[in-house]
Amino acid sequence: SMYLILIILFAVAIVCAEILLFYWIATTLWPILPIWVQLIGYIVMAAAIIYSPILCAVKLQKQRLSLNKRDSTSKE
């Protein structure tokens, strides 16, 4: 459906924005950080890139389900 396509496009936009932000951080701030901070940063960035679009899609789907449930109860 069109709603699913919009959710997927929104998730892709979030991932692209995060990649651009992480690229900027990597080119400006990353070279001056110690190795152990860089390792923690890699783990945090990987988790953010993987989970933020998933969590956003889940939130939007819950809103859609609650709207559908409300519409079905108002028709009865």
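Please read these numbers as outputs of a predicted model, since none were measured by experiment. In this chain, numbering begins with 1 at the start of the sequence shown.
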When rounded to the nearest 0.5 angstrom, what distance separates [atom1] in [X] from [atom2] in [Y]?
X	Y	atom1	atom2	result
Y23	T28	OH	OG1	10.0 Å
M2	I7	CE	CD1	12.0 Å
M45	I50	CE	CD1	12.0 Å
I40	L33	CD1	CG	10.5 Å
I49	L21	CD1	CG	9.5 Å

State, to 0.1 Å, how close [X] and [Y] come at their nearest heavy-atom pair, and which atoms those are.
X	Y	result
Q38	W30	NE2-O, 3.0 Å
I32	L29	CG1-O, 3.0 Å
P53	A11	CB-CB, 3.6 Å

Exercise for the section: May I ask you to test the I14-C56 pair for a side-chain heavy-atom distance under 4.5 Å? Expected result: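 Yes, side chains in contact.
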Exercise for the section: Check the pair Q61 / R64 against side chain to side chain contact (heavy atoms under 4.5 Å, CB included), numbers first and verdict last. Expected result: CA-CA 5 Å; Q61 186 65 21; R64 180 178 178 212; 4.0 Å; yes
Problem - Option among I5, V15, L60 that satisfies the side-chain contact (heavy atoms from CB on, under 4.5 Å) test with F10 - result: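 Exactly one pass, corresponding to L60.
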Handout entry: hydrophobic_cluster_shared for V44 and I25, side chain cutoff 4.5 Å
Key =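 Per the 4.5 Å side-chain linkage, I25 and V44 are co-clustered.
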